[in-house]
Amino acid sequence: MEAEKEKKVRVRLAPSPTGTLHIGTARVALFNYLFAKKQQGVFILRIEDTDAARSEDRFEKNIIEGLRWLGIEWDEGVISDQGQSYIGDYGPYKQSERTEIYLKYIKKLLDKDKAYYCFCSQEELKAKKEYQMSIGQPPHYDEKCKQLTAEEIEKNIAEGKRFTIRFKTPLKKIAFNDLVRGKVEFDTNLIDDFTIAKGSKENITPLFHLAVVVDDQEMEISHVIRGEDHISNTPKQILLQEALEFPRPEYAHLPLILGPDKSKLSKRHGAVAISEYQQQGYLPETMINFMAFLGWNPGGEKEIYSLASLIEEFSLDGVHKGGAIFNMQRLDFLNAFYIRKKPLMELTELCLPYLLSSGLIKKTDDIVWLSKIIQAYQERLKKLSEIPELVDFFFQEIEYDKELLRWKGMTDEDIRKTLDKTEEVLEKIEPEDFNKENLQNIIMAEAEAIGAGDRGKLLWPLRAALTGKKASAGPFEIMEILGKEKTMERIKKAKALFK
RNA sequence: GGCCUUAUCGUCUAGUGGCCCAGGACGUCGCCCUCUCACGGCGAAAACACGGGUUCGACUCCCGUUAAGGUCACCA
């Protein structure tokens, strides 16, 4: 045990580029990262793209960009989707470029008679599987090819037949100590002779279990921290390690993120890609804080943590065994919280792309002026993507809905009078004195006078005239931002409805 | 179905035998602030799945039941 502690901590995230960065994968990445940083260890990004048919460069790119956006940096691994770029001393960190290494071990297994060629067709296998299911048996490979002679094998290969290589699963009990669940035990009679490679004479590609086991060994992975959905893969991989005489890494299986129906979070539950959350205007700090607290917490009552403070507190001991339901309301709450905390100019910069793409602003617009608008809405923003609809009235002409201007039973006459009075008062203020404080002092006094206890009589029509909305920021800061000229224009236009 | 796993408010969770007729947060509801919407403040409702043990004492330990999830590919 003591010697174990001396060992350098090396952990990895091993995504396959067959889809965008899933929030579950991102959380696994975060936990690996936190664990590594806490132990002064190494966090590795390894791309598992052995499935050439399903792997795509754009997904690899999406994964890399997503991780970077979250601020989860890796010490070794793939650093770009452009060609072969890696950091670290363990060869390529992309499985498609490590075939030679796998072949060496596959040969070893074959030579030691721990694996064999299988020429069964997929149709054949599928039919057998369906039959087994139909009579209520677990689907299991029937080991038909296990007894093939060397001559038969050679003949088949020479003929160019496609094959798989299967591992001869020995009968035994496999137990391992899971760092989050404790002792987990499997009986291998439930495991069939699973495939470790596929191909033909010309070209052999390794399959998942083999590639994982070989890479974890070659890359000296000390702890395999992954999702609970891998727990049943663990005995197979341990079997492979034993056959290859590899030491066994520590295992930790994290609980899953669940949808509202308590099943594994997937597309049918809504957005699952980190990039989608990014587009919707969630901040990376929101995602980090949120993901960290799904299935883990440091024990106290503090709930707001940065990535750095998370590293301080992190321990696998605090990881739960049960899955956690993804709670959108909490995500929104956290995002609103972090938005409120953002320095104004930073928040303004973050809002720019949304404003630009909505066509409300141009690149040349005054950023200081824009920041005033953002400031007025900072505490009302839940996600960045909401900003255009909230502030569009600053940039566009308003088409009024007459009834929107009406406050609690006021007649047309009442409204016109109060707007007249407001206009008159405002007219006396110099453009340079059109600031929030000054406007508030003057208008509030007037509102008290006109409203006789109900300031809404003046304030509501004013704000509605200014914004055309039933909900908005306060009228004083809006007038300051709009300036005197536009303010007066809008009041006049609104007033025209009540002539 | 086999195997593996899990089980505290609606949700995320604190709780590691007495500090708990169970604490915090989100959400919900009410009140205050208030022209509106937010923010902020105050307050409320809301949970130990069930049944057996063990123990002077169980949310905490053991067994069972129930429920839920994961997994059973020439995907990873």
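Each chain gets a letter, A, B and so on, in the order its sequence line appears, and its residues count up from 1. Below, all heavy atoms of this structure are taken into account, side chains as well, without hydrogens, waters or symmetry copies. Every value quoted in this text rests on a predicted model; they were computed, and no experiment measured them.
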Rounded P spacing from B/A47 to B/G10 in Å: 7 Å
Sugar-phosphate only, base, or nothing, as touched by A/Phe208 at under 4.0 Å among non-hydrogen atoms: base
Geometric cation-pi criterion, A/Arg248 with A/Phe176: 6.0 Å, 45°: no
Parallel, tilted or perpendicular: rings of A/His209 and A/Phe194 (30°, 60°): perpendicular
Touch class at under 4.0 angstrom, heavy-atom based, for A/Gln378 against every strand present: nothing
OP1 or OP2 of B/A73 under 4.0 Å from side-chain N/O of A/Lys129: yes
Same-atom distance (P) from B/U60 to B/G17, integer angstrom: 11 Å
Touch class at under 4.0 angstrom, heavy-atom based, for A/Leu334 against every strand present: nothing
Side-chain N,O (A/Arg463) to OP1/OP2 (B/U36) below 4.0 Å: no
C1' atoms of B/U13 and B/G30, separation to the nearest Å: 25 Å
Sugar-phosphate only, base, or nothing, as touched by A/Thr164 at under 4.0 Å among non-hydrogen atoms: base
Sugar-phosphate, base or nothing in reach of A/Phe186, heavy atoms under 4.0 Å: sugar-phosphate
Touch class at under 4.0 angstrom, heavy-atom based, for A/Arg166 against every strand present: sugar-phosphate
Any A/His230 side-chain N or O less than 4.0 Å from OP1/OP2 of B/U5: no
Touch class at under 4.0 angstrom, heavy-atom based, for A/Glu303 against every strand present: base
Sugar-phosphate, base or nothing in reach of A/Arg54, heavy atoms under 4.0 Å: base
Aromatic ring pairing A/Phe119/A/Tyr117, orientation class (parallel under 30°, perpendicular over 60°, tilted between): parallel
Sugar-phosphate only, base, or nothing, as touched by A/Lys264 at under 4.0 Å among non-hydrogen atoms: sugar-phosphate
Among B/C12, B/A25, B/U71, the one nearest A/Ser232 by side-chain distance: B/U71
Under-3.5 Å donor-acceptor pair between A/Arg455 side chain and B/C35 base: no
Donor-acceptor pair between A/Ser263 and A/Arg268 side chains, under 3.5 angstrom: yes
Touch class at under 4.0 angstrom, heavy-atom based, for A/Thr18 against every strand present: nothing
B/C75 OP1/OP2 closer than 4.0 Å to side-chain N/O of A/Lys198: yes
Sugar-phosphate only, base, or nothing, as touched by A/Gly227 at under 4.0 Å among non-hydrogen atoms: nothing
Touch class at under 4.0 angstrom, heavy-atom based, for A/Thr205 against every strand present: nothing
Short side-chain N/O contact to B/A76 OP1/OP2 from A/Asn233, under 4.0 Å: no
Any A/Arg340 side-chain N or O less than 4.0 Å from OP1/OP2 of B/G40: yes
Under 4.0 angstrom between A/Lys262 side-chain N/O and B/A7 OP1 or OP2: no
Phosphate OP1/OP2 of B/A76 contacted by A/His209 side-chain N/O (<4.0 Å): no
Whole-Å C1' distance, B/C59 and B/G23: 13 Å
Atom pair distance, as rounded to whole Å: CG in A/Asp193 and C1' in B/A73: 15 Å
Sugar-phosphate, base or nothing in reach of A/Pro475, heavy atoms under 4.0 Å: base
Touch class at under 4.0 angstrom, heavy-atom based, for A/Asp192 against every strand present: nothing
Matching residue for A/Leu334 among A/Asn327, A/Ile288, A/Ile339, A/Ile304 - test: side-chain contact (heavy atoms from CB on, under 4.5 Å): A/Ile304
